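Inspection log for the structure reproduced underneath, given as structure tokens.
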2 protein chains.
Amino acid sequence: MSEHSWIHELLQIDGTKEKFSEKQLKILEAAVEMFAEKGYAATSTSEIAKKAGVAEGTIFRHYKTKKDLLLAIVTPTLFKSVAPFLAKEFVREVFDNEYETYEQFLRTLLSNRYAFVKKYLPAIRILWQEVAFHSEIKQCFRHVFTEHVYPKFARIVRHFQEKGELAELPVDSVIRLTITSFAGFLATRFLFLPEHHWDDEAEMERTIRVLMNGLRR
Amino acid sequence: MSEHSWIHELLQIDGTKEKFSEKQLKILEAAVEMFAEKGYAATSTSEIAKKAGVAEGTIFRHYKTKKDLLLAIVTPTLFKSVAPFLAKEFVREVFDNEYETYEQFLRTLLSNRYAFVKKYLPAIRILWQEVAFHSEIKQCFRHVFTEHVYPKFARIVRHFQEKGELAELPVDSVIRLTITSFAGFLATRFLFLPEHHWDDEAEMERTIRVLMNGLRR
DNA sequence: ACTATTAGTGAGTGATTACTCACTAATATA
DNA sequence: TATATTAGTGAGTAATCACTCACTAATAGT
């Protein structure tokens with residue numbers, strides 16, 4: 001029972017201990033599975049109700065509209081996707097010499113995000129797919145990125161440029177190259193070729209090495 | 001008139017001079033625009049007919065089902081996406097020392113694919129989105145990649161590894177890093193942050209330089 | 001034990017869906 | 001000119017859509 005414990009975890013976005021009824025969790029579980037598989041627009045509320053083992057009306061008791069149900073899944077996923085950058089200690093950890101090099105920082109970041117994607121893959125798939133079609137999600141993403149991720153990332157890059165580890169490339173380009181390297185690996189690993197034989201540790205090491213050789217002064 | 005000339009070009013997949021009626025092109029044009037904007041599942045055939053200025057029945061005269069209409073757009077896009085690797089001369093050009101270095105080869109490939117994405121962006125967007133949900137498309141992609149793209153790409157990589165330009169990383173990893181570097185740039189440039197101020201030439205140069213510094217022996 | 005609030009139900013709603021079909025208009029072939 | 005083939009139409013269809021509502025079941029507060 002409770003195969004869906006990870007969904008419960010995903011939805012605990014802030015400290016507030018939100019409680020979900022058994023049926024509500026069943027709805028969320030079914031919705032995540034079907035949205036990930038067929039897409040939001042191609043999944044009907046009646047299908048979700050059927051798979052969740054509840055009446056269709058129960059869905060609308062908890063979520064006013066079908067889109068509200070989507071947002072209940074996607075919004076927490078979006079925040080957790082950039083969680084390291086939302087944590088208060090994050091930047092301080094970098095500047096307090098907890099990471100002596102950008103490479104070390106990258107290594108921690110990648111293995112952290114690797115674990116995240118592995119754990120929450122279906123929800124991430126939904127976010128990835130639906131962000132293209134729903135302006136609310138896109139705007140939320142934009143806001144979180146420009147307000148929280150970008151400025152902190154930029155400080156970190158500048159820090160290691162001043163230390164002389166990183167070449168004097170434009171900060172935006174360093175950030176872009178870093179994110180696309182990581183996202184490229186994770187997307188290939190989990191989305192495009194999940195059944196390929198992967199030596200995850202080795203491939204992550206190569207990804208970081210190639211990236212660092214490129215970015216190094 | 002004929003804002004949609006690029007669609008006509010896109011659909012000329014092989015030598016066969018397929019001819020499309022004016023109304024058929026209008027249908028394709030409308031479908032591309034709406035599929036790209038709202039997604040396949042969220043777009044109705046009645047909307048497409050309305051935007052194309054034709055009766056709904058006309059769509060089904062040319063395409064048996066809505067999915068056939070999607071495939072009529074997506075299949076040529078898929079083939080054109082990997083067009084360089086489908087061309088007969090392609091590998092020969094590399095081995096006949098038309099490209100003395102992998103870097104030079106990459107530069108040509110990237111500017112080539114950049115122009116392609118720029119020209120056919122809406123169709124590529126549809127392919128990108130819908131490949132996740134339609135197994136026919138996924139299988140077609142897989143087939144084209146494993147039969148045509150991968151083996152040629154692998155030969156090229158091995159060639160420049162033997163020449164001593166590239167480090168002795170696993171060939172698969174070199175290909176993956178190359179493709180994700182390029183796809184990462186193009187996706188960021190055209191999909192995620194299209195309205196960002198881009199110096200395309202400079203960013204492509206940086207992308208190649210960072211990648212090559214990473215891959216070099 | 002009484003009451004108020006919330007959780008859950010499932011038949012029912014009007015709107016919309018992909019698709020059909022009998023028909024006309026246009027074009028090609030003879 | 002007669003005929004066959006294709007292109008285009010739009011009203012019609014059964015199925016499905018997201019969502020409502022009047023109702024019952026369960027839980028919580030007093």
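None of these values were measured; they are calculated from a predicted model. Labels below follow one simple rule: chain letters A, B, ... track the order of the sequence lines, proteins then strands, and each chain is numbered from 1.
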Between [X] and [N], is there a contact of a side-chain N or O with OP1 or OP2 at under 4.0 Å?
{"X": "B:T45", "N": "C:dT17", "result": "no"}
{"X": "A:K66", "N": "D:dA18", "result": "yes"}
{"X": "B:S44", "N": "C:dT16", "result": "no"}
{"X": "A:T58", "N": "C:dT9", "result": "yes"}
{"X": "B:S46", "N": "C:dA18", "result": "no"}
{"X": "A:T65", "N": "D:dA18", "result": "no"}

Atom [atom1] of [X] and atom [atom2] of [N]: how far apart are they, to the nearest Å?
{"X": "A:Y40", "N": "D:dC17", "atom1": "OH", "atom2": "P", "answer": "13 Å"}
{"X": "A:K50", "N": "D:dC17", "atom1": "NZ", "atom2": "C1'", "answer": "15 Å"}
{"X": "A:H62", "N": "C:dT5", "atom1": "NE2", "atom2": "P", "answer": "19 Å"}
{"X": "A:L28", "N": "C:dA7", "atom1": "CG", "atom2": "P", "answer": "14 Å"}
{"X": "A:K26", "N": "C:dG8", "atom1": "NZ", "atom2": "C1'", "answer": "16 Å"}
{"X": "A:R61", "N": "D:dA26", "atom1": "CZ", "atom2": "P", "answer": "16 Å"}
{"X": "B:Y63", "N": "C:dT20", "atom1": "OH", "atom2": "P", "answer": "16 Å"}
{"X": "A:K64", "N": "D:dC21", "atom1": "NZ", "atom2": "C1'", "answer": "17 Å"}

According to side chain to side chain donor-acceptor pair (under 3.5 Å), who are the partners of A:T178, at least two apart in sequence or on a separate chain?
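In terms of side chain to side chain donor-acceptor pair (under 3.5 Å), with neighbours along the sequence ignored, A:T178 is linked to A:Y102.
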
Do B:R113 and B:F116 meet the cation-pi criteria used here (NZ or CZ under 6.0 Å from the six-membered ring centre, within 45° of the axis)?
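Output yes; distance and angle both within limits.
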
Nucleotide of C:dG8, C:dC19, D:dC19 approaching A:F60 most closely (side-chain heavy atoms)
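Side chain of A:F60 sits closest to D:dC19.
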
Choose from D:dT9, C:dG8, D:dT20 the nucleotide whose nearest atom is closest to any side-chain atom of B:V54.
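Nucleotide nearest to B:V54's side chain: D:dT9.
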
Side-chain donor-acceptor pair present, B:H134, B:E130, cut-off under 3.5 Å
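Result is yes, a qualifying pair exists.
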
Check for a donor-acceptor pair, side chain of B:K152 on one end and backbone N or O of B:F85 on the other, with a separation under 3.5 Å.
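At least one qualifying donor-acceptor pair exists.
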
Looking at B:E47 and B:S44, would you say the former's side chain and the latter's main chain have a donor-acceptor pair under 3.5 Å?
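Yes.
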
Find which nucleotide of DNA chain D each of B:I59 and A:E56 is nearest to by heavy atoms, and output the residue with the more 5' nucleotide.
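Upstream on the strand: B:I59.
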
Quick check on DNA chain D: between A:T43 and B:G53, whose nearest nucleotide comes earlier from the 5' end?
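Nearest nucleotide further toward 5': that of B:G53.
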
